[in-house]
**Q** 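Could you have a look at this structure, given as structure tokens, before my questions?
Remember, it's a predicted structure, so these values are computed and weren't measured experimentally.
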Amino acid sequence: MKKHVVFLGVTCLFLACATNPFTGKKSLNFVSNSEIFPAAFQQYGEFLKTNKVITGTTDAKRVETVGIKIKNAAERWLKANGQDHYLDGYQWEYKLVESPDVNAWCMPGGKIVVYSGILPITQDEAGLATVMGHEVSHALANHGAQRMSAAQLQQLGAVGVQVAAGGKSEQTQQILQQAYGLGSQVGVMLPFSRSHESEADQIGLTLMAIAGYNPDQAVNFWQRMSAKSGGNAPPEFMSTHPSDATRIANIKNLVPEAKAEAAKFGVKFK
């Protein structure tokens, strides 16, 4: 039984490796777009039915304008890099929802929501492009599907621990299961989530730059976000997101790369 679990895990790892066209990195993904998109679109529709969508205002039009520019930037980048069909199946949509929450998200397949509570921090189109570029990048990099795949592997590992501890006392089994749960969460799942955040920052900077927004403005946005949080965040190793200081430092380092990529499309910044 132990050998079967190990073999299954290795087989999954081998079969599920795919290359992210934006970063060139290998990633785990057991879930196809044809599986995840319909569910995401349905959930998005249900969300809009139960929340107040803002339409016809300057802010709502700005969300749509920026969203379209980010979408067009992604299409331009993918076409230039021989990935014309990468966005097949995407159904782009951009909605502003009334909520005090400082948040925004993009579901797999291009369904985007921006909460009105984040607008005082975005302030302008460049700030909004920072947020929407970041969230769109989660979808483009298939982070939702990767997290589902990682959760499946985590469950598979738990089964392996259970099998390995089968001949031990009940107390020992509980200790091993708890140790695995904590270790896999802090040592694997949380860093996995943080790496997704950093990856979305990198891709998002490139997209906003190609869309014509100066990526230097992303630093200003995240500094405003940091000031808003007032330092009330868990330690970085216990969080799904990088610390504000880490994120801002990383973005500063990535700005020249984003500008260089945008220059290939004739976009220049002062």
**Q** Just checking, is any N or O donor in the side chain of Trp77 or Gln83 under 3.5 Å from an acceptor N or O on the other one?
**A**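 No - no donor-acceptor pair under 3.5 Å links their side chains.
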**Q** Could you give the distance from OH (Tyr44) to CD1 (Ile112), rounded to the nearest 0.5 Å?
**A**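 If I round to the nearest 0.5 Å, the distance is 7.5 Å.
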**Q** Between Lys268 and Lys259, does a side chain to side chain contact (heavy atoms under 4.5 Å, CB included) hold up when you go through it step by step?
**A** CA-CA 7 Å; Lys268 296 181 180 180; Lys259 289 182 176 180; over 6 Å; no
**Q** Taking the side chain as C-beta and beyond, is there a heavy-atom pair between Gln43 and Lys111 under 4.5 Å?
**A**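 Heavy-atom side-chain distance check fails, nothing below 4.5 Å.
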**Q** How long is the gap from CG on Leu205 to CG on Asn253, to the nearest 0.5 Å?
**A**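 So the CG of Leu205 and the CG of Asn253 are separated by 11.0 Å.
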**Q** Does the side chain of Glu257 reach to within under 4.5 Å of the side chain of Gln202, using non-hydrogen atoms?
**A**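 They are in contact (side-chain heavy atoms under 4.5 Å apart), so the answer is yes.
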**Q** Would you say Thr122's side chain and Leu119's backbone share a donor-acceptor pair under 3.5 angstrom?
**A**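 Looks like yes, one N/O pair under 3.5 Å.
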**Q** Tell me the closest heavy-atom pair linking Ser116 and Glu98, and the distance in Å.
**A**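 For Ser116 and Glu98, the tightest heavy-atom pair comes out as OG-CA, 3.5 Å.
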**Q** If you take all heavy atoms of Ala139 and Pro108, which pair is closest and at what distance?
**A**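 Heavy atoms only, the tightest pair is CB-CA, 4.3 Å.
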**Q** Calculate, to the nearest 0.5 Å, the distance between atoms CG and CG belonging to Leu140 and Leu87 respectively.
**A**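 Atom-to-atom, Leu140:CG and Leu87:CG are 6.0 Å apart.
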**Q** Pro215 and Val255: which non-hydrogen atoms are nearest, and at how many Å?
**A**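 For Pro215 versus Val255, the nearest heavy atoms are O-CG2, 3.8 Å.
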**Q** Any ion pair linking Glu64 and Lys61 (charged N to carboxylate O, less than 4.0 Å)?
**A**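 Answer for the salt bridge query: no.
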**Q** Measure the shortest side-chain to side-chain distance between Lys228 and Arg224 over non-hydrogen atoms and say whether it is less than 4.5 angstrom.
**A**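 No, their side chains stay 4.5 Å or more apart.
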**Q** Could you go step by step and tell me if Lys252 and Asp216 meet the salt bridge (Lys or Arg N to Asp or Glu O under 4.0 Å) rule?
**A** CA-CA 8 Å; Lys252 286 181 179 179; Asp216 285 324; over 6 Å; no
**Q** How far does CD of Glu125 sit from CG of Leu128, to the nearest 0.5 angstrom?
**A**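 Answer rounded to 0.5 Å: 7.5 Å.
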**Q** Ignoring hydrogens and angles, tell me if any N or O in the side chain of Arg247 forms a donor-acceptor pair with the backbone of Ser198 under 3.5 Å.
**A**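 No, Arg247 side chain to Ser198 backbone: no donor-acceptor pair under 3.5 Å.
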**Q** Quick check: is Leu207 connected to Tyr94 through a chain of hydrophobic side chains (ILVMFWY, heavy atoms under 4.5 Å apart)?
**A**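 The answer is yes; both residues are in one hydrophobic cluster.
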**Q** Could you please spell out the steps behind the side chain to side chain contact (heavy atoms under 4.5 Å, CB included) verdict for Val219 and Ile248?
**A** CA-CA 6 Å; Val219 176; Ile248 291 169; 4.2 Å; yes
**Q** If you measure from NE2 on His85 to NZ on Lys79, what distance do you get to the nearest 0.5 Å?
**A**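 His85 atom NE2 to Lys79 atom NZ measures 10.5 Å (nearest 0.5 Å).
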**Q** Indicate, with yes or no, if Val97 and Val114 share a hydrophobic cluster defined by side-chain heavy-atom contacts under 4.5 Å among Ile, Leu, Val, Met, Phe, Trp and Tyr.
**A**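 No, it is not one cluster - the side chains of Val114 and Val97 are not joined through contacts under 4.5 Å.
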**Q** Could you tell me whether a side-chain N or O of Tyr213 sits under 3.5 Å from a main-chain N or O of Ala218, the two making a donor and an acceptor?
**A**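 No, because the side chain of Tyr213 does not come within donor-acceptor range (under 3.5 Å) of the backbone of Ala218.
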**Q** Main chain of Val53, side chain of Lys95: is a donor-acceptor contact present, judged purely on distance under 3.5 Å?
**A**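 Checked: no pair found.
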**Q** Could you report the tightest heavy-atom contact between Leu96 and Ala60, atom names first, then the distance?
**A**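 Looking at all heavy atoms of both residues, the closest pair is CD2-N, 3.7 Å.
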**Q** Do you know the tightest heavy-atom contact between Ile70 and Met132?
**A**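 For Ile70 and Met132, the tightest heavy-atom pair comes out as CG2-O, 4.5 Å.
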**Q** Verify the cluster assignment for Met107 and Tyr86: are they in a single hydrophobic cluster under the rule of side-chain heavy atoms below 4.5 Å apart?
**A**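 Met107 and Tyr86: separate clusters.
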**Q** When clusters are formed by joining ILVMFWY residues with side-chain heavy atoms under 4.5 Å apart, either directly or through shared neighbours, do Val102 and Tyr115 land in the same one?
**A**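 No.
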**Q** Does the side chain to side chain contact (heavy atoms under 4.5 Å, CB included) test come out yes or no for Ile118 and Val131, once each step is laid out?
**A** CA-CA 9 Å; Ile118 203 172; Val131 172; 3.9 Å; yes
**Q** Decide whether Asn214 and Gln217 meet the rule of one side-chain donor and one side-chain acceptor closer than 3.5 Å.
**A**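 On atom types as modelled, these side chains do not qualify, holding no pair under 3.5 Å.
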**Q** Ala209 and Val267: which non-hydrogen atoms are nearest, and at how many Å?
**A**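 Answer, listing the atom of Ala209 first, then Val267: O-CG1, 3.4 Å.
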**Q** Establish whether Ile54 and Val113 are linked, either directly or via other cluster members, by ILVMFWY side-chain heavy-atom contacts under 4.5 Å.
**A**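 As far as the 4.5 Å side-chain criterion goes, Val113 and Ile54 are not connected within one cluster.
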**Q** Do the ring centers of Trp105 and Phe47 come within less than 6.0 Å of each other?
**A**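 Yes, close enough.
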**Q** When you compare the side chains of Glu199 and His138, does any donor N or O come within less than 3.5 Å of an acceptor on the partner?
**A**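 Short answer, no.
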**Q** Would you call Asp124 and Arg62 a salt bridge, taking side-chain N to carboxylate O under 4.0 Å as the test?
**A**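 Salt bridge between Asp124 and Arg62, a charged N being under 4.0 Å from a carboxylate O: no.
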**Q** If I take atom CG from residue Asp201 and atom OG from residue Ser137, how far apart are they, to the nearest 0.5 angstrom?
**A**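 Asp201 CG to Ser137 OG: 8.5 Å, rounded to 0.5 Å.
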**Q** Is the backbone of Phe221 close enough, under 3.5 Å, to the side chain of Thr130 for a donor and an acceptor to pair up by distance?
**A**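 Checked: no pair found.
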